[in-house]
Participant: 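Got a structure for you, written out below as structure tokens; questions coming shortly.
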Amino acid sequence: MTNQDIIDLNTRYLCNTYARFPVAFVRGEGCRLWDAEGKEYLDLFASLAVMNLGQCHPAVVRAVQDQVSTLTHISNLHHTVPQARLAELLCNHSFGDKVFFCNSGAEANEASIKLARKYGVDKRDGRYEILTVLGSFHGRTMATIAATGQEKVRQGFGPVLDGFRYVAYDDLEAMEAAVSDKTVAILVEPILGEGGVVVPRPGYLKGLRDICDRHDLLLIADEVQVGIGRTGTLFAYEHAGIEPDIMPLAKALGGGIPVGAMVARADIAESLNLGTHGSTFGGNAVACAAGVAVIDTLLNGGVLENCQKMGAYFLTRLQDLQAKFSCITEVRGQGLILGAALDRDGADIVNACLDQGLLINCAAGTVLRFIPPLIITQAEIDQGVAILENVLAQQ
Ligand SMILES: Cc1ncc(COP(=O)(O)O)c(C=O)c1O
């Protein structure tokens, strides 16, 4: 099949919910992808911050193959080894004591929202309101579009779930002023991903922690995009020297196999008691075995160190481009979530890069986003920057 054959089939049979690029991939290895006609691409997108170990990482492939041929799926009415192992790893390497497994970032946020509300009923006199920030993104389910600080995701889906209010990002005074006698939690991304790779000022997360402590609120850090090594530490909150109370995870957790998780402190997690939440596939054995391989490789395979080193290098290369091209107004990011803000829409640049075999995307319309696999090499970054430079020179 050609690229076009595959695109035609998809167009015929799939709901038209995604603005897709005109390419169909059939194979991947590390930071390389090949389309249906054999053209090679350099991947600085990691399938939307999912493939942190790159395509077909041997540790993930081995874990999945072993697990799928031993025990594929067991319902949550019984116990399995991979679920226990992944939960133990997540708790041993984070603030958390308890994990609820699901299948996606939206579901991990749903679980967090349900937990915050139930905790409000159990321990905070029925408080239910969750403060989130403008420009945030938390998913596409009914609760998570209500939590998301972008009006466009709610349009056409009313009435929207009540109990969320939106506050300016990186504004501690506004957050403090927004706390009401109904507020139970603050939900925030440590770096806005879909919102355009917006890094708050140092001290923002610590300031949110202080507000939560002063008003007895829960701090929920949505690490769906920036967790699992993306910023150079296993979790992004570690940079701020604070601990959240609840943390939704997904994306890179399963190395490309769908798995989400909500991590929480034990005294809070106890509110999600028997029969209050569930998911048929949550914690699937193959997905959790993949997750164990991912966390193990991140921690013991030098991947976090590579992310820090390559992130710093990539940032300097983007700063060089900024000095050359006035259309780049700012470069920013942490580890290997980097953005180049433009004075224009970025779609033409992204499309031209694709033509030249480079995969990037654009967040919030005008920010070129670079979220490559964390195993990327300096030579691959140089190759990507050379293509981008070529494209920018032709704009
Ligand atoms: C911060 C954040 N939270 C939640 C989500 C939703 O994740 P999913 O698409 O797996 O439901 C995303 C997806 O981009 C995200 O970036």
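Quick note: numbers below take in every heavy atom, side chains included, and nothing from hydrogens, waters or symmetry partners. Atoms within a ligand are numbered from 1 in the order they appear, just like the ligands themselves.
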Participant: Starting from the N and O atoms of ligand 1, collect every protein N/O partner closer than 3.5 Å and put each pair on its own line with the distance to 0.1 Å.
Facilitator:
unit_1, atom_1, unit_2, atom_2, d
ligand 1, 3 (N), F137, O, 3.4
ligand 1, 3 (N), D222, OD1, 3.4
ligand 1, 3 (N), D222, OD2, 2.8
ligand 1, 10 (O), G105, N, 2.8
ligand 1, 11 (O), G105, N, 3.4
ligand 1, 11 (O), A106, N, 2.8
ligand 1, 14 (O), K251, NZ, 3.2
ligand 1, 16 (O), Q225, NE2, 2.8

Participant: With sequence neighbours excluded, tell me which residues meet salt bridge (charged side-chain N to carboxylate O under 4.0 Å, His left out) with R265.
Facilitator: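 Salt bridge (charged side-chain N to carboxylate O under 4.0 Å, His left out) list for R265, sorted by chain: D245, D267.
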Participant: Salt bridge check: are D213 and R209 linked by an N-O gap of less than 4.0 Å?
Facilitator: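 Looking at R209 together with D213, the answer is yes, because their closest N to O distance falls below 4.0 Å.
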Participant: Name all residues meeting the salt bridge (charged side-chain N to carboxylate O under 4.0 Å, His left out) criterion together with D296; count only those two or more places apart in sequence or in a different chain, and write none if there are none.
Facilitator: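 For D296 there are no salt bridge (charged side-chain N to carboxylate O under 4.0 Å, His left out) partners, ignoring immediate neighbours.
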Participant: Please confirm whether the backbone N or O of T276 pairs with a side-chain atom of K114, one donor and one acceptor, at under 3.5 Å?
Facilitator: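 Side chain of K114 to backbone of T276, a donor-acceptor pair under 3.5 Å: yes, one is there.
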Participant: Which hydrophobic side chains are connected to L9, either touching it within the sub-4.5 Å cutoff or through other members that do?
Facilitator: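 Members other than L9 - counting any ILVMFWY side chain reachable under 4.5 Å - are M1, I6, Y13.
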Participant: How long is the gap from OG1 on T144 to CD1 on I113, to the nearest 0.5 Å?
Facilitator: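 Separation between the atoms: 6.5 Å.
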